[in-house]
Amino acid sequence: MSSQVPVCNHRVYEVVIVFLVSVVAGLVAGLLWTMLGMSPVSAVATGAAVFAGAFGLCMTAVAYVKKQGG
């Protein structure tokens with residue numbers, strides 16, 4: 001008897017990894033701009049923009065790689 005092997009879809013893990021990488025990128029950007037003399041409110045806004053951009057780009061890259069592999 002042959003049975004199909006179940007395929008696991010670990011989309012949650014991909015999203016969590018991308019989220020954590022984006023958070024780190026946003027924090028580093030905010031800290032860097034604060035150290036360079038930017039006002040704290042502007043540095044937080046910059047960090048948030050970097051977070052959003054990194055999350056979007058990384059999710060696009062993950063979707064592209066998954067599409068190529070399967």
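Shown here for V50 and A29, the closest heavy-atom pair between the two residues is CG2-CB, 3.6 Å. Of all heavy-atom pairs spanning A54 and S22, the tightest one is C-OG, 3.5 Å.
Follow the hydrophobic side-chain contacts under 4.5 Å out from V15 and you reach F51 in the same cluster. Under the 4.5 Å side-chain heavy-atom criterion for grouping Ile, Leu, Val, Met, Phe, Trp and Tyr, F19 is connected to M59 within one hydrophobic cluster. Under a hydrophobic clustering in which Ile, Leu, Val, Met, Phe, Trp and Tyr are joined whenever their side-chain heavy atoms come within less than 4.5 Å, directly or via other members, V12 and V18 fall into the same cluster. Connection of M38 to L32 is established within a shared hydrophobic cluster, with ILVMFWY side chains joined at heavy-atom distances below 4.5 Å, either directly or through further cluster members. Note on L27 and L20: same hydrophobic cluster, where clusters join Ile, Leu, Val, Met, Phe, Trp and Tyr whose side-chain heavy atoms are under 4.5 Å apart, directly or indirectly.
At least one donor-acceptor pair closer than 3.5 Å links the side chain of T60 to the backbone N or O of G56.
By the 6.0 Å contact criterion, CZ on F55 is enclosed, its count of non-hydrogen atoms from other residues, nucleotides or ligands being greater than 12.
Annotation: side chain of Y13 is not in contact with side chain of V16 (no heavy-atom distance under 4.5 Å). Counting only heavy atoms from C-beta outward, the side chains of V62 and R11 approach each other to under 4.5 Å.
Here the OG1-CG distance, from T46 to L31, works out to 12.0 Å after rounding to the nearest 0.5 Å. Here the NZ atom belonging to K66 is positioned 4.5 Å from the CD atom belonging to E14, to the nearest 0.5 angstrom.
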